[in-house]
Amino acid sequence: MVVEAGNRTRQVRTIHDLGVLLVEDDDFTRRLIYRLLHDIGLRTVFEASDGIKALEILRVNSEDIDLVICDLEMPRMGGLDLLHALRTATGNPLADLPVLVLTGHREADVVKRAIAYGISGYLVKPVSKADLMKRLTFAMQKR
């Protein structure tokens with residue numbers, strides 16, 4: 001996968017080359033998934049507790065972020081609103097950034113709404129290391 005960010009083009013060959021932004025409001029869940037990502041050996045993991053903080057991190061660190069893992073339900077700005085902001089902003093260079101949604105929902109309507117924004121996949125809580133690796137690999141290949 002070739003990632004073009006800003007003025008820089010970077011080749012992402014394996015999961016270990018990925019920079020990920022993890023957006024989750026629950027501290028315990030965020031630390032758990034961060035640990036799984038660290039154990040997998042990702043290059044960089046940024047953390048945000050809501051969509052507003054995620055947009056700030058993306059604005060400053062976009063060249064280091066290849067994929068977003070985002071919870072759907074969060075205070076201030078939830079995952080669907082973050083997806084909307086990423087996908088619909090005019091001239092947004094991150095409009096095609098791969099996003100995996102993280103949810104406790106198994107209801108089809110919630111997942112369908114996220115799919116309508118062009119997500120790269122979803123993870124149902126609680127997340128296992130095997131599922132996380134599979135989704136990251138799939139998202140890389142899809143891009």
Side-chain angles (χ1 to χ4, degrees), residues 1-74 77-89 91-143:
M1 168 169 70
V2 175
V3 177
E4 293 183 27
N7 297 327
R8 199 177 106 188
T9 301
R10 187 166 47 80
Q11 183 72 29
V12 177
R13 293 182 183 89
T14 70
I15 287 177
H16 308 292
D17 298 322
L18 284 175
V20 171
L21 171 58
L22 173 60
V23 189
E24 167 62 62
D25 63 314
D26 181 70
D27 289 336
F28 177 80
T29 303
R30 191 173 62 248
R31 283 192 312 265
L32 178 67
I33 296 171
Y34 178 90
R35 187 71 188 155
L36 290 173
L37 293 168
H38 178 73
D39 289 349
I40 291 169
L42 270 66
R43 177 181 52 81
T44 307
V45 180
F46 295 90
E47 297 179 72
S49 57
D50 61 46
I52 292 172
K53 182 67 176 168
L55 288 174
E56 292 171 11
I57 291 170
L58 284 165
R59 194 171 13 260
V60 174
N61 301 288
S62 63
E63 63 193 35
D64 294 319
I65 298 172
D66 306 306
L67 182 135
V68 175
I69 298 173
C70 182
D71 189 18
L72 287 177
E73 292 189 21
M74 296 177 288
M77 178 185 269
L80 289 176
D81 291 331
L82 175 60
L83 280 164
H84 179 77
L86 286 173
R87 300 299 192 234
T88 62
N92 182 0
L94 300 174
D96 65 343
L97 185 67
V99 176
L100 296 174
V101 294
L102 179 63
T103 182
H105 295 282
R106 295 173 193 255
E107 296 87 9
D109 61 326
V110 176
V111 175
K112 282 181 187 175
R113 287 178 58 203
I115 290 170
Y117 283 116
I119 62 170
S120 300
Y122 68 94
L123 294 156
V124 178
K125 298 178 197 176
V127 176
S128 72
K129 187 175 178 180
D131 284 343
L132 189 54
M133 286 186 69
K134 182 168 50 172
R135 295 290 183 209
L136 289 171
T137 301
F138 179 76
M140 278 180 42
Q141 292 169 350
K142 188 174 177 183
R143 184 150 185 182

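- Annotation: the span from Glu56 atom CD to Asp50 atom CG amounts to 8.0 Å, rounded to 0.5 Å.
- Going from atom NZ of Lys129 over to atom CG of Leu36 covers 7.5 Å, rounded to the nearest 0.5 Å.
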CA sep, side-chain torsions, deciding dist, call: Ile65, Ile57, side chain to side chain contact (heavy atoms under 4.5 Å, CB included): CA-CA 9 Å; Ile65 298 172; Ile57 291 170; 3.9 Å; yes
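- Atoms CG and CG, on Leu100 and Leu123 in that order, are 5.5 Å from each other to the nearest 0.5 Å.
- In this structure a side-chain-to-backbone donor-acceptor pair under 3.5 Å is present from Asn92 to Leu86.
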Leu42 vs Leu136, side chain to side chain contact (heavy atoms under 4.5 Å, CB included): CA-CA, chis, key distance, verdict: CA-CA 10 Å; Leu42 270 66; Leu136 289 171; 4.2 Å; yes
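- For the atom pair Leu83 CG and Ile115 CD1, the distance stands at 11.5 Å (nearest 0.5 Å).
- The residues Arg35 and Asp39 are annotated as salt-bridged, a charged nitrogen and a carboxylate oxygen being separated by less than 4.0 angstrom.
- The neighbour count for Arg87 CZ, taken as heavy atoms of other residues, nucleotides or ligands under 6.0 Å away, is above 12.
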Steps toward side chain to side chain contact (heavy atoms under 4.5 Å, CB included) verdict (Ile69, Leu132): CA-CA 10 Å; Ile69 298 173; Leu132 189 54; 3.9 Å; yes
Test log, rule side chain to side chain contact (heavy atoms under 4.5 Å, CB included), inputs Met140 and Asp17: CA-CA 10 Å; Met140 278 180 42; Asp17 298 322; over 6 Å; no
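- Rounding to the nearest 0.5 Å places OH of Tyr34 at 12.5 Å from CZ of Arg31.
- Applying side chain to side chain contact (heavy atoms under 4.5 Å, CB included) to Leu102 and the options Arg30, Lys125, Glu73 leaves one that passes, Lys125.
- Side chain of Asp71 to backbone of Val23: no donor-acceptor contact under 3.5 angstrom is found.
- Between Val99 and Leu82 there is no side-chain heavy-atom pair separated by less than 4.5 Å.
- Residue Ile40 holds its CD1 atom at 11.5 Å from OG1 of Thr14, rounded to the nearest 0.5 Å.
- A donor-acceptor pair is defined here as one N or O able to donate and one able to accept, closer than 3.5 Å; no such pair exists between the side chain of Asp131 and the backbone of Val127.
- Heavy-atom minimum distance, Ile119 versus Ala114: CG2-O, 3.2 Å.
- Summarising the geometry of Asp64 relative to Arg43, their closest heavy-atom pair is O-NH2, 3.1 Å, with the distance given to 0.1 Å.
- Across Ser120 and Ala139, no two heavy atoms sit closer than the pair CB-CB, 4.0 Å.
- Distance alone, capped at 3.5 Å, is enough to place a donor-acceptor pair between the Asp26 side chain and the Thr29 backbone.
- Across all non-hydrogen atoms, the minimal contact from Ser49 to Met74 is O-SD, 3.9 Å.
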